[in-house]
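Since the model is a prediction, treat every value here as computed from it, not as a measurement.
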Amino acid sequence: MACSNIHNNGSKSSSNDLKPLIIGSDNYVPYSYLDSDGNFTGIDVEIAREACRRMGYTPVFKQIVWDNKDIYLKEGAVDCLWGCFTMTGREDKYNWAGPYMYSRQVIVVRKDREINSFADLKGKRIAVQSTSKPEHIILSGEDDRIQGVSAVYSMSTMSELYASLRKGYIDAAAGHEVAIKRFVDTNPQQFIILDEILYKSELGVAFKKGRSDDVPDMLNDILKQMM
């Protein structure tokens, strides 16, 4: 992977001497994404800007290929991963700041596929984002409510999931509830979110394990203050 393929955009600040905090995320509406002018925006972006202001840092946002997030951290292309990232189950893999927010993972289905519960996913095709919690849960078979799906497609971005669902290539897709609701609102006659909750997530900011400075602890304290 060539780290030069990332899109970056620092926040505007008159204090050019502030230390940068390079933040990596993918395009995940409404948490972190590019607006029509190519500027970073979203829930996590606004939280990051305020947290950095309080810390005395300048946030520099980089849009990355989420599948390769650990490579960016290892090579130092980003300081942290901040974009609706689930801490739960990954506590020992990164040096975390958070949780600063909570989320639920849900499953959206096409209304024309007669899927009313997780049990109805048997024999159906479902898509998940690569390296996500839904991918792990469904591929591992650890959730007894979801058994016997005919295919699980792991895709790089949520946009690919949504496009596949619109075209009918898949029957269902999984993701964070707020993001999925935004998608369903584009065509509520065609899609519905199942009532069952797939997973409850604690969201955090991931730094490389063994980072030598105190930035993760500083950010953790700031996020607590902001909450």
Could you state the interatomic distance from [atom1] ([X]) to [atom2] ([Y]), rounded to the nearest 0.5 Å?
X: S164; Y: Y153; atom1: OG; atom2: OH; result: 9.0 Å
X: I23; Y: R49; atom1: CD1; atom2: CZ; result: 9.0 Å
X: D213; Y: D79; atom1: CG; atom2: CG; result: 8.0 Å
X: Q129; Y: D67; atom1: CD; atom2: CG; result: 7.5 Å
X: I222; Y: D217; atom1: CD1; atom2: CG; result: 12.0 Å
X: K208; Y: L81; atom1: NZ; atom2: CG; result: 12.0 Å

For [X], does the [atom1] atom have more than 12 heavy-atom neighbours from other residues, nucleotides or ligands under 6.0 Å away?
X: K224; atom1: NZ; value: no
X: D185; atom1: CG; value: yes
X: K209; atom1: NZ; value: yes
X: E114; atom1: CD; value: no

Beyond-backbone contact of [X] with [Y], side-chain heavy atoms, under 4.5 angstrom:
X: I43; Y: I47; value: yes
X: T41; Y: L34; value: no
X: Q105; Y: H176; value: yes
X: L198; Y: F118; value: yes
X: E202; Y: M101; value: no
X: M155; Y: V128; value: no
X: T58; Y: K19; value: no
X: R125; Y: R113; value: yes

Heavy-atom pair with the smallest gap, counting every atom of [X] and [Y]:
X: L18; Y: G56; result: CD2-O, 3.5 Å
X: L161; Y: A127; result: CD2-O, 3.6 Å
X: Y31; Y: S103; result: OH-OG, 4.0 Å
X: K62; Y: F40; result: C-CZ, 4.0 Å
X: V152; Y: V149; result: CG2-CG2, 3.7 Å
X: R90; Y: W96; result: O-NE1, 3.0 Å

Counting distance only, does the side-chain N/O of [X] pair as donor-acceptor with the main-chain N or O of [Y] below 3.5 Å?
X: Q190; Y: T186; value: no
X: D37; Y: N39; value: no
X: S32; Y: Y28; value: no
X: E91; Y: G89; value: yes
X: Y162; Y: T157; value: no
X: D120; Y: S117; value: yes

**Prompt:** Hey, are K69 and D26 close enough for a salt bridge, meaning a charged N less than 4.0 Å from a carboxylate O?
**Reply:** no
Is there a path of hydrophobic side-chain contacts, each under 4.5 Å between heavy atoms, that joins [X] and [Y]?
X: L194; Y: I138; value: yes
X: M158; Y: V184; value: yes
X: I193; Y: V109; value: no
X: V106; Y: I137; value: no
X: F61; Y: V29; value: no

**Message:** Checking L203 against C84 for the side chain to side chain contact (heavy atoms under 4.5 Å, CB included) test, could you report, in this order, the C-alpha distance in whole Å, the side-chain angles of both residues, the deciding distance, and whether it holds?
**Reply:** CA-CA 6 Å; L203 305 184; C84 199; 4.0 Å; yes
**Item:** Residues D70, K93; criterion side chain to side chain contact (heavy atoms under 4.5 Å, CB included); working and verdict
**Value:** CA-CA 10 Å; D70 291 335; K93 189 172 181 180; 3.3 Å; yes
**Prompt:** Is it true that W66 and F85 have ring centroids separated by less than 6.0 Å?
**Reply:**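 Yes, they do, as the ring centres are separated by less than 6.0 Å.
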**Message:** S25 vs I64, test: side chain to side chain contact (heavy atoms under 4.5 Å, CB included). Steps then yes/no.
**Reply:** CA-CA 6 Å; S25 182; I64 63 174; 5.7 Å; no
**Message:** ring-ring contact (aromatic ring centres under 6.0 Å, His included), that's the test. Do F207 and Y94 meet it? Break it down for me.
**Reply:** CA-CA 6 Å; F207 293 82; Y94 303 96; over 10 Å; no
For the residue pair [Y] / [X], report whether a side-chain donor-acceptor contact shorter than 3.5 Å exists.
X: S130; Y: S154; value: no
X: Y100; Y: D44; value: yes
X: T88; Y: K133; value: no

**Message:** Quick one, R110 with D171, criterion side chain to side chain contact (heavy atoms under 4.5 Å, CB included). Give me CA distance, side-chain angles, the key distance, then yes/no.
**Reply:** CA-CA 6 Å; R110 290 179 59 95; D171 307 300; 5.7 Å; no
